[in-house]
Amino acid sequence: MAMTTSNSQTPGATAPEGAAPAPAAAAPEPAPVPTGHDVPRSVSVLVFLRDRGIFMLWGLLIVVFAFWCSPYFFTLDNALLIANAGALTAIFAAGVGIGIMTGVLDLSLPGTAAFASCVTGWMLTEGYATWLALLAGLACGVVVGVFNGLISLRGFNPIIVTIGSLSILTGLAAVVAGGYTFPGLVQLEFMGTHRYFRINGGETFPGIPAPVFIVAVVFVIGTIFLTRTREGLRLMAVGANGEAVRRAGIASNRYVVLGFVISGVLAALGGLVNTANVTEANPNASPGIIFTALTAVALAGVSLTGGRGSLPRVLVGALILATITNGLTIRGIQPYWATVCTGALLIGALLLERLIQASVEERLMAMNLSVHEKKV
Amino acid sequence: MSAPTSETPALALSGIEMHYGFVRALSDIDVHVMPGEVVGLLGDNGAGKSTLLKVMSGAHRPTHGTIAVHGTQHTFHAPSDAAAAGVQMVYQDLSLVEPQDIATNLNMGQETLRTGPLGWLGFVDRKAMRKSSEAELDRLGVRTAPMSRPVEMLSGGQRQVVAIARSAIRVNGERGGILLLDEPTAALGYEQTRNVEALIRRMADQGIAIVLVTHDLPLCYEVADRMVILNRGRKVADVPVAGTDRDHVVGWITGSRASMFPAATPA
Ligand SMILES: Nc1ncnc2c1ncn2[C@@H]1O[C@H](COP(=O)(O)OP(=O)(O)O)[C@@H](O)[C@H]1O
Ligand SMILES: [Mg+2]
């Protein structure tokens, strides 16, 4: 960011002419080089707010709704409802989020989702094994990702490239479906409407919806991958500064493609979960899903410049959207107000983040300059 | 100070010519650096300093001339070839990944994996990386910030120190590597410049050969053992820092003083 002290116009920035002692006098024993002062507490607090603020926001929303929508909101049933409602957004948001963290905005997601579900739907209708059909659907995501990645690497703007892919895929999905849909895909019920761990026929415990499991797996694996593995760290690094990664002797292009592949696979997965939920594969891509996903990602404070952000926050972003819709629905408020709220929240979060970031930078700058006064 | 420890130069270029189309950026340049020596590469804007450094780092292939590392001839087709031979360039614009922490940046491209099955899955050993990073920085005499601090939260001077240390760590190890620095203090204030100076001296004391491009004369007098001065693509002086008059140096840089190598000035 703009924190480097680019101007050396500060007083004392020029070395005293002629006063330079002979270098030979130096280095009897290497004293540690003091390189600045520690980050002050206020900065740490601000950074904490910047990075964790979304969790607090969600907590606040829950508290508000718990009182405002009492007694219907703060129940286990409703929590599961919210989780299930947020699941689809969360999967797509993970795809969009990982793409952005890697430095690419993949707009082909709805097309990939539609195409993958139609391929799976076609195979299931033709009587192929369920696992094979699902695998083929996910493989579509891989192929689309590789395609997007390789084209983008030729120096084209990923946004334009993926808009092109979106168009191609939507068309291809319709070709696969022959202009119709694939209804009655009950084979996928296990990853759609099915609830696991029901106790007492749902009386004691209603069971956890299948999509919630899928989301949990995606986010746990994704988070571990991005923060604990070599490939994940390099992926994030490429998003922040591909040139630096290349200079470190790493084939950074491979990671750009990997970013697209992950986002493609997650898009395909989202499409399949959606198909499972409605037991029908539909070739009509719903571009709206990408905006919902982007909203969740933006709420999570994933910077569009890449290399920054975390999956848990993206998950909370998706859950916040679901929570707002759920709470307002309970109060009988028209659903369009939920969109208004979400938008306002997003812009509010943006302003707050800007404020915090500016404050952090100001403090860090002050810290740098004070090096001159605070002689150790 | 620290007298060269060996008779073979760490890096030696001879007869280097470099053309950019019709522009002759370098002609007939001979330069060498001994292990543990700091050579200041001086010259006015456009004199060819950056070009010469790019030839050394493998970013450019010279039109003519040879490059030898520790006495062995090399042809650098790319910076990775130079890196493999033990030559590392620290770029003017920093090449750090801002959101990632110091340890991750220092280990970029040579991450330590965990032992056992987790390692096979590509899990990194953050603890080990932090510890080794800390040890490496200690060895260089650098005390920056905690290894877990993101680079974006460091001051300009700290970042430059981390960037230089990263290259130093890469060339250390085998028999003293070669470090190329292009204006390492250009964006820094006085105090931060002093820190970088101290780091450069310390690296040289550990046997690293350093070529330092700068047009900051005081910096050169502070850290360099020898000065090589370029003027319009030619080497006009190659002198020890100690005992060389500043006015002479300025004269060589501006071209008002005749080259030390009259044989090499026909044009
Ligand atoms: N990529 C290039 N293409 C053409 N001419 C170049 C290029 N880079 C440098 N030059 C020319 O080569 C000469 C030396 O440049 P450079 O090495 O950047 O000098 P310095 O770093 O000493 O200021 C200059 O005349 C410059 O205009
Ligand atoms: Mg230059």
Side-chain angles (χ1 to χ4, degrees), chain A residues 1 3-8 10 12-24 26-27 30-39 43 47 224-225 228-234 236-241 243-250 303 307-309 360 364-365 367-369 371-372, chain B residues 1 79-80 83 89 91 94-100 104-105 108-111 113 121-124 126 138 140-145 149 152-159 161 166 186-196 198-199 201-202 205 216 218-219 221-225 241-242 246:
Chain A
M1 314 250 72
M3 286 180 294
T4 34
T5 50
S6 50
N7 261 327
S8 50
T10 44
T14 43
E17 270 301 312
V33 179
T35 42
H37 302 276
D38 225 25
V39 171
V43 172
V47 168
I224 291 175
F225 172 72
R228 304 226 182 277
T229 71
R230 179 174 61 190
E231 308 308 309
L233 287 173
R234 289 181 178 181
M236 293 289 279
V238 167
N241 188 348
E243 183 59 22
V245 176
R246 206 179 57 75
R247 283 174 184 172
I250 297 170
S303 143
R308 262 165 258 265
V360 165
L364 282 175
M365 290 284 233
M367 184 184 90
N368 279 353
L369 294 180
V371 166
H372 294 292
Chain B
M1 51 184 309
S80 53
M89 171 102 170
Y91 288 87
L94 298 178
S95 44
L96 297 174
V97 178
E98 299 220 335
Q100 296 191 338
T104 310
N105 267 285
M108 175 78 57
Q110 32 187 249
E111 300 86 350
L113 293 186
L121 288 173
F123 277 69
V124 295
R126 277 183 184 278
D138 272 352
L140 291 168
V142 175
R143 178 159 46 75
T144 43
R149 178 154 308 161
E152 63 190 342
M153 292 196 46
L154 300 179
S155 71
Q158 286 175 316
R159 286 177 208 210
V161 163
R166 189 174 88 160
L188 303 184
Y190 177 66
E191 188 95 5
Q192 300 179 331
T193 300
R194 300 307 299 260
N195 295 337
V196 171
L199 173 58
R201 255 340 306 171
R202 221 181 311 282
D205 292 343
D216 181 358
L219 171 71
Y221 268 86
E222 198 65 46
V223 299
D225 301 300
V241 168
R246 269 166 206 259

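Residue numbers start from 1 in every chain, and the chains themselves are labelled A, B, ... in the order their sequence lines are given, proteins ahead of strands.
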**Prompt:** Side chain, backbone, both or neither: which part of B:Leu219 has a non-hydrogen atom closer than 4.5 Å to chain A?
**Reply:** neither
Spacing of [X] atom [atom1] and [Y] atom [atom2] [to the nearest 0.5 Å]:
X        : Y        : atom1 : atom2 : result
A:Asn241 : B:Gln100 : CG    : CD    : 10.0 Å
A:Arg230 : B:Thr104 : CZ    : OG1   : 13.5 Å
B:Glu98  : A:Arg308 : CD    : CZ    : 6.5 Å

**Prompt:** Taking C-beta and beyond as the side chain, do A:Leu233 and B:Arg126 meet within less than 4.5 Å on heavy atoms?
**Reply:** yes
**Request:** Please report the closest heavy-atom contact between B:Val97 and A:Ala240, naming both atoms and the distance.
**Result:** CG1-CB, 3.7 Å
**Complete:** Between B:Met108 and A:Ala237 the two heavy atoms that sit nearest each other are CE-CB, 3.7 Å
**Message:** Which residues pass the side-chain hydrogen bond (donor to acceptor under 3.5 Å, both in side chains) test with B:Arg166, not counting sequence neighbours?
**Reply:** none
